[in-house]
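Okay, structure first, notes after.
In what follows, every heavy atom counts, from backbone to side chain, and hydrogens, waters and symmetry copies are set aside. For this chain, numbers begin at 1 and follow the sequence in order. Note that the structure is a prediction, hence the values are computed from the model and not measured.
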Amino acid sequence: MLLVVAYSRAARGTLRNVCRTHEEVVVRRFGRVALLAETEFAAFQALRLREKHGGDVQIERTRPFNEFEALDDSVREAAAAYERREEPALPYATFADGSEHPGPEQMRDSEL
């Protein structure tokens, strides 16, 4: 997919117009950000935006996040266990301390 970010008011307006006019290329829209289908026509629309608004438009190529491919089981299990915790205000670092779950520092230093 293509992630298009519009930083200026004018670029946001043009992005909104592109999304309304060419709904078939829009996967999802979040105000100043849109995910476009990975087609040449979608790329054409994104490039038009950048040509018109220069640095006020950022385009990135993305791919869906597959948690089963990108992460070890321990991180998924830690997220599930933390969301099932009995004390909602308990910080994750405290929750993970002394458990089998990875600590926040360990996860911060590990690339996906």
Side-chain angles (χ1 to χ4, degrees):
M1 287 184 280
L2 300 174
L3 176 72
V4 180
V5 183
Y7 292 105
S8 69
R9 176 174 277 167
R12 287 192 304 271
T14 305
L15 176 62
R16 184 176 44 252
N17 291 341
V18 166
C19 289
R20 284 183 190 153
T21 307
H22 305 290
E23 292 177 358
E24 72 279 5
V25 301
V26 179
V27 174
R28 190 111 189 232
R29 186 162 171 266
F30 313 93
R32 68 177 60 222
V33 177
L35 281 172
L36 304 182
E38 198 163 321
T39 65
E40 287 183 354
F41 188 65
F44 168 78
Q45 296 300 330
L47 291 173
R48 276 186 52 222
L49 283 165
R50 190 166 60 198
E51 188 66 31
K52 183 174 184 176
H53 298 286
D56 289 342
V57 173
Q58 178 182 351
I59 304 168
E60 298 289 334
R61 191 174 196 179
T62 66
R63 60 183 177 151
F65 177 66
N66 182 339
E67 66 188 73
F68 299 100
E69 187 179 288
L71 293 171
D72 292 333
D73 290 340
S74 64
V75 176
R76 285 193 313 277
E77 291 167 4
Y82 183 61
E83 285 306 311
R84 289 191 307 265
R85 70 194 180 279
E86 291 180 15
E87 300 174 41
L90 184 68
Y92 180 74
T94 305
F95 174 81
D97 191 36
S99 75
E100 62 190 39
H101 302 299
E105 291 304 319
Q106 177 186 348
M107 290 189 288
R108 280 187 189 102
D109 294 336
S110 298
E111 297 276 331
L112 286 182

Please report, to 0.1 Å, the donor-acceptor pairs under 3.5 Å made by any side chain of residues 96-109, with sequence neighbours excluded.
unit_1: S99; atom_1: OG; unit_2: A96; atom_2: O; d: 2.8
unit_1: S99; atom_1: OG; unit_2: H101; atom_2: N; d: 3.1
unit_1: E105; atom_1: OE2; unit_2: R108; atom_2: NH1; d: 2.7

Indicate every side-chain donor-acceptor pair of residues 68-78 with a distance under 3.5 Å to a residue at least two apart or in another chain.
unit_1: D73; atom_1: OD1; unit_2: R76; atom_2: NH2; d: 2.2
unit_1: R76; atom_1: NH1; unit_2: E67; atom_2: O; d: 3.1
unit_1: R76; atom_1: NH1; unit_2: L71; atom_2: O; d: 3.2

Name every donor-acceptor pair, under 3.5 Å, that has one atom in a side chain of residues 41-52 and the other anywhere in the protein, sequence neighbours excluded.
unit_1: Q45; atom_1: OE1; unit_2: R48; atom_2: NH1; d: 2.5

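A34 approaches L15 most closely through the heavy-atom pair CB-CD1, 3.9 Å.
Residues L3 and V33 have side chains in contact (heavy-atom distance under 4.5 Å, counting atoms from C-beta outward). In this structure, the side chains of T62 and L35 come closer than 4.5 Å at one or more pairs of heavy atoms.
Listed by first then second residue, pairs satisfying side-chain hydrogen bond (donor to acceptor under 3.5 Å, both in side chains) with a partner in residues 20-42 read E38-R61, not counting sequence neighbours. Pairs of residues two or more places apart, or lying in two chains, that qualify as salt bridge (charged side-chain N to carboxylate O under 4.0 Å, His left out) and include a residue from residues 83-95 are E83-R85.
Put simply, the side chain of Y7 never gets that close to the backbone of R12: no donor and acceptor are under 3.5 Å apart.
Legend: residues meeting side chain to side chain donor-acceptor pair (under 3.5 Å) with Y92, ordered by chain and number and at least two apart, are absent. Residues that satisfy the side chain to side chain contact (heavy atoms under 4.5 Å, CB included) test with A10, not counting sequence neighbours, are S8, H53.
Grouping the Ile, Leu, Val, Met, Phe, Trp and Tyr side chains by contacts below 4.5 angstrom, directly or via other members, places M1 apart from F65. V25 and I59 fall within a single hydrophobic cluster, where Ile, Leu, Val, Met, Phe, Trp and Tyr are joined by side-chain heavy atoms under 4.5 Å apart, directly or via other members.
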- Decide yes or no on side chain to side chain contact (heavy atoms under 4.5 Å, CB included) for V5 and V57, but give the supporting numbers first. CA-CA 6 Å; V5 183; V57 173; over 6 Å; no
